[in-house]
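Okay, so here's the structure we're looking at.
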Amino acid sequence: MWNVCERDDGLLLTGADNFSLADTLDCGQAFRWSESDGVWSGVAKGHYLRLSHTDDGVMMYGVTRDEFESVWRQYFDLERDYGAIIDTVSGDPKLCEIAEFSAGIRILRQDCWEAICSFIISANNNIPRIKGIISRLCEMFGEPLCDGQFTFPTAERLHLLTVEDLAPLRSGFRAKYIVDAAQKFHAGVIDEQFLRTAPIDQARAMLMQINGVGPKVADCVLLFGCGRIESFPVDVWIRRAMAMLFDGQLPQCALPYAGIVQQYIFHYARMTGLKV
């Protein structure tokens, strides 16, 4: 269990393993975090946060207990027992090795609309460019926070915009998909509660009503924006890794935690130089 200790400069989290800031914040599931001198900073759910590892745990600077309970406990998925999940999936010898190697990754519980917009931007793109487009989007249409940071703009703010309005983002063909997504989310065509609770195939089909959203982007939204850890996003890299490591078939013990295991596999393949 996590212990939350109040300090003069914020909150210290102690008492649990399976939380690497670098592995969690720099693995391609979120695009608004950066690191400088061991301190990570970013914006999520309208809040700016700085945090780092210390000898005692994870330090969250300037955070009150109320903010932690209302925002960050859920965002970092701190209620989930990742150690128990690793024990469960370790019934498969290869997956045991992968899970132990990647054990510091947690699935971020992101805002649903932000995940939709971010993963539309991520399609056929690289991470530096994704971050640049999202940064410009927030600066142009978000609300200002401290330290030159901005909130992620709401669908309500974006749904009245045109493709021409988004030209300064330099997002290319994705601009029309962003506008379409904002319009459908604002109108309720894309219903967040349905995405969180409906059978996974129906939730995926709803998201694919957005122009430019295919199965991979839809599954990323379900996993990272809706908490659907059974969702397993597949792109060319994961498909190749799965073929090399598991003959294309996820072990049965991993199916309830497929999305978490997907991140483990991706991290393992990337960091070990697996030729995928």
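Only heavy atoms go into these numbers, but all of them, side chains included; no hydrogens, no water, no symmetry mates. Only a predicted model underlies this, so the values are computations on that prediction, with no experimental measurement involved.
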Q: Would you indicate whether the side-chain heavy atoms of F141 and L161 approach each other to under 4.5 Å?
A: yes
Q. Hey, are T14 and D56 close enough side-chain-wise for a donor-acceptor pair under 3.5 Å?
A. no
Q: Please examine the side chains of L49 and W33, heavy atoms only from C-beta on, and report whether any two atoms are closer than 4.5 Å.
A: yes
Q. Between atom CZ of R32 and atom CG of L25, what is the distance when rounded to the nearest 0.5 Å?
A. 13.5 Å
Q) Does any non-hydrogen side-chain atom of R80 lie less than 4.5 Å from one of I260? A) yes
(Q) In this structure, would L12 and V71 fall into the same cluster of hydrophobic residues linked by side-chain contacts under 4.5 Å? (A) no
(Q) Quick check with a 6.0 Å cut-off and a 45 degree axis cone: is R50 positioned over the face of Y61's six-membered ring? (A) yes
Q | Min side-chain heavy-atom separation I133-R170 under 4.5 Å | A | no
Q) Has E35 got more than 12 heavy atoms of other residues, nucleotides or ligands less than 6.0 Å from its CD? A) yes
Q.
Side chains of F152 and I134, heavy atoms from C-beta outward: is any pair under 4.5 Å?
A. yes
Q: Using ring pair (Phe, Tyr, Trp, His ring centres under 6.0 Å) as the criterion, list what pairs up with Y75, not counting sequence neighbours.
A: W72
Q. Pairs in or reaching into residues 204-235: which pass ring-ring contact (aromatic ring centres under 6.0 Å, His included), with residues at least two apart or in two chains?
A. F119-F224
Q: Quickly, which of R228, Q202, M206 forms a side chain to side chain contact (heavy atoms under 4.5 Å, CB included) with L195? Name it, please.
A: M206
Q: Check the side chains of Q74 and K45 for a donor-acceptor pair under 3.5 angstrom, ignoring hydrogens and angles.
A: yes
Q) How about Y268 and E97: does a side-chain donor come under 3.5 Å of a side-chain acceptor? A) yes
(Q) Rounded to the nearest 0.5 Å, what separates atom NZ in K131 from atom CG in N126? (A) 11.0 Å
Q) Can you list every pair that meets ring-ring contact (aromatic ring centres under 6.0 Å, His included) and has a residue in residues 186-209, with sequence neighbours left out? A) H159-H186
